[in-house]
Amino acid sequence: MLSSRGGPVYLLMLAAGLFLAGLLPKSSLGNLHPDRSADLVFAGSSTYAPFQWLDAQGQARGFVIDLQDSMAQLGGVKAEHRLTAWESALSAVESGEADAVALFASERRSQQYDFTNPFYYQFHSIFSHTDGERFSSLVALSGQTVAVTAAAYAQEKLEEEHPDVRLLPVESERACILAVHTREADACLEATLSATRHAADFDVRRTSSPFWPRAYVFAVRKGNSDLLEWLNFQLAAMQSDGTYFAIYQKWLPELEWRKPTIADHLTTLAWIIAPILLLALLGLIGAWVLKRQVARRTSQLTTELRSRRRLEKQLRDQAEYDAATGLPNRPAFIGDLERRLSEAPDWSPTLVFLRLLSLDSVTSTFGRTGHEELIKDFGLHLEHLGFPLVSHLGTGTFALITPQGLTPEDIMARLTTSFYIEGLYVDPGVVMGISIGRADDTGKDSAPTHAEELLRRAVTAYASAHAKGNAWCVYTPQLQPDPRDLILLHDFRQHGTRDMRLVYQPKLDLASGRIREAEALIRWEHPRLGFISPVHFIPLLEKAGMITRLTRWVIDEAIEELARYRTRDPDFGISVNIAAQDLADGAGLVEFLRDKRPASSLQGLRLEITETGVIQDHDHTQRVIAALREIGIDCAVDDFGTGYASLSYLSRFAIEEVKLDRSFIRKMRENRRDYAIVASTIELAHTLGLKVTAEGIEDQATLEALAELGCDTAQGYVISHPTAADEVYRMIESIT
Ligand code: C2E
Ligand code: MG
Ligand code: MG
């Protein structure tokens, strides 16, 4: 069990620099937003010292705040810290006002959030009144009123496992201790470190040993995988280049903070009194002992000199070797690798960065001893494998150089073994990132030395393997995450469709030769990043769960434009693309459209659904399309032919039109197979009562061929590129 000082050795090891220096390229994206206060908003509690709190000047301070600032700085983005009551902090992330929050990982929370790798471990304790019963275990709390911070991990855990405890949820960690002080609650259950500090200000003290070791992580809204991946990269980068270690060192006295005890006061007193006593003694003894004193001092000096030499040697060893495993540490590994790289310019090393994924569960299950044992045993195992270079970088992360010619499978086979920890066989759960070859041919992207660049690449590969749930990944330059996506998501959340507009691509009615319809297509002209293709940002917004907002805006704009078109041609139609996610929330979409006033404004509006979107959830989609038809909205199947649905299958849905994908149209005149597909699709569609539009027609000959095949409508550059609505008006008028 840990001491109350909360500074266990293994926490120090956690901080001991997971990975290596100069991990990821430092982007300059921060300067892209001089007009904005922050790219990334971190939520948190305002009274959770030393992790995060607001000081007297209202400044955010704390260990986690420093970590967040460093992550943002490394990633080239601006961070804002929004510290409030804990429950509001969680709501801010849920509502999207904030992007991430540091919290204890838990089963229940994992249903709402996705978690980064752990960056710290914390414990909980019970706090009781100094003049009351000392509650020392969870069992003793049965039937008692126990204060907890609302929405905190302790509340969740007690609700699940100790329903017999009467909970008193309060706003903050401090309010929790106060409730015990005022005897509103019999006890309080809180994270040890922060609550111990608050308790020092009241008649409250810690009365249990720390328990519930929990991983402390950053949480993001479920499904926000881009941000999650980015945070994991920044954490890895920070841990590797020593920033994490420096921040941990800075906060160490606070993280080990405790209320001064009587023994501490006595020690301080002793320090003050001791020299005075010594002086008095010296005065009494007088000059006759001077000679003896000199002799004693000389002997003292000799002893001091000896112990200093011993200390120097110890420090030298510590500077090169890791205390947990006895393996070389990060600086020694980098130094050695750098020397070998410069001595042998033809040497092409394979560097493996690996992490023991089981470490978190071993720590939760067996506590500090199991944690240390697993790291030590794995280190020993690596040493016995006889690789040319092996290092423990800290907290169960290792780096090694393998002998030439080993495949990733070979390396994994050698590393895979189980360890006997506290009476159980444990699989260490190795995940590897591999960097093959030298970095001097392709240039050192961002790390200060060649060795650091190789390690940075291996860590990048590791992060990718971990994100995808693979056992390993070999580095390629494509693995670098695109930080621009994060900016796009943030800007959309902040400014919505501010920099977006719609263009319209006319559709030619082949029987009459007139333009009777157009497709609305979105354009995003980003103020700094320039033109962003919808092919890029639509899936991004879908993944982040934000597409509905865009779709609704597009529909509103299109309806407005439609009214203008219909003053000239009362039958004019506009089609709008909708995403699979809009279909999934079909009831919401139908309701949104049904609320449009006047209802006649929907006449002529069509929705295009991709083929894959249609077939995703057959029964549900069928209901949504039928409901749309009831309110007078036709649906078309877009990009037909790119999925695996047959026309007869699609005809079971209440759709009006199929849009043949441009991949068939492009080569239909040269490719007999494509021609046959186009011809038979048109024929069969007509038999099934469906209208056919051909997309992506780029030349006159293809247009004529389609007209001959009886295709109903044509769309493509040969008729017009997507363009401003006014331009389409001019075209309509010039044709009619
Ligand atoms: P889509 O619905 O199949 O739209 C047709 C795409 O083909 C458009 O690309 C259009 O510019 C392009 N195109 C038209 N004629 C030709 C041609 O002759 N040759 C070639 N090579 N291309 C042609 P765009 O505008 O980049 O849009 C791409 C996709 O993005 C759309 O495919 C659609 O799936 C999606 N999208 C566009 N706007 C929206 C929107 O407002 N909401 C949603 N959910 N998706 C949208
Ligand atoms: Mg379309
Ligand atoms: Mg299409």
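Read the numbers this way: they start at 1 and go in the same order the structure lists the ligands and their atoms.
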For the residue pair R82 and F42, would you count it as a cation-pi contact if the rule is NZ or CZ under 6.0 angstrom from the ring centre and within 45 degrees of the ring axis? no
A cation-pi test, strictly: NZ or CZ of R523 under 6.0 Å from the centre of the six-membered ring of F531 and no more than 45 degrees from its axis. Yes or no? no
Under-4.0 Å salt bridge between [X] and [Y]:
X    : Y    : answer
D726 : R564 : yes
K691 : E517 : yes
R221 : E94  : no
D556 : K596 : yes

So for E698, does at least one of its heavy atoms come nearer than 4.0 angstrom to any atom of ligand 1? yes
K659 near ligand 1, heavy-atom distance under 4.0 Å?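 So K659 does not count as touching ligand 1.
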At the Mg ion (ligand 2), what's the angle from N577 OD1 to E608 OE1, rounded to 10 degrees?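 An angle of 90° at the metal.
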Is the count of non-hydrogen atoms from other residues, nucleotides or ligands lying under 6.0 Å from R594 atom CZ greater than 12? no
[Y] ring center within less than 6.0 Å of [X] ring center:
X    : Y    : result
F119 : F218 : yes
F664 : Y675 : no
H721 : Y504 : no

Heavy atoms only, cut-off 4.0 Å: how does [X] contact ligand 1, side chain, backbone, both, or neither?
X    : value
H721 : neither
I697 : backbone
E695 : side chain
N577 : both
E519 : side chain

Rounded to the nearest 0.5 Å, how far apart are OG of S663 and CE of M668?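 Output value for this atom pair is 12.5 Å.
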Closest by any non-hydrogen atom to atom 29 (C) of ligand 1: pick that one out of T610, L502, I538, V535.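 Of the listed residues, V535 has the closest heavy atom.
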Heteroatom N/O/S of D639 within less than 2.8 Å of the Mg ion (ligand 3): yes
Angle at the Mg ion (ligand 3) (to 10°), with one arm to OE2 of E695 and the other to OD1 of D638: 90°
Please state which protein non-hydrogen atom is closest to atom 35 (C) of ligand 1 and give its distance, to 0.1 Å? P534 CB, 4.4 Å
Considering non-hydrogen atoms of the protein only, which is the closest contact for atom 12 (C) of ligand 1, and what is the distance?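 Ranked first by proximity to atom 12 (C) of ligand 1 is R662 NH1, 3.5 Å.
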Numbering as shown, the atoms of ligand 1 that approach [X] to under 4.0 Å (heavy-atom distance):
X    : result
D639 : 3 (O)
V554 : 41 (O)
Q505 : 14 (C), 15 (N)

I'd like to know if atom 32 (O) of ligand 1 has any protein heavy atom within a distance of less than 4.0 Å.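 No, there is none.
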Would a 4.0 Å cut-off, counted as strictly less than, catch a protein heavy atom around atom 9 (O) of ligand 1?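 Neighbour list for atom 9 (O) of ligand 1 is empty of protein heavy atoms (cut-off 4.0 Å).
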Please name the atom of E519, limited to N, O or S, that comes nearest to the Mg ion (ligand 2).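 Of all N, O or S atoms belonging to E519, OE2 is the one nearest the Mg ion (ligand 2).
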With only distance considered, is Q715 within less than 3.5 Å of ligand 1 through an N or O on each side? no
Between the main-chain N or O of L583 and the side-chain N or O of H620, is there a donor-acceptor pair closer than 3.5 Å? yes
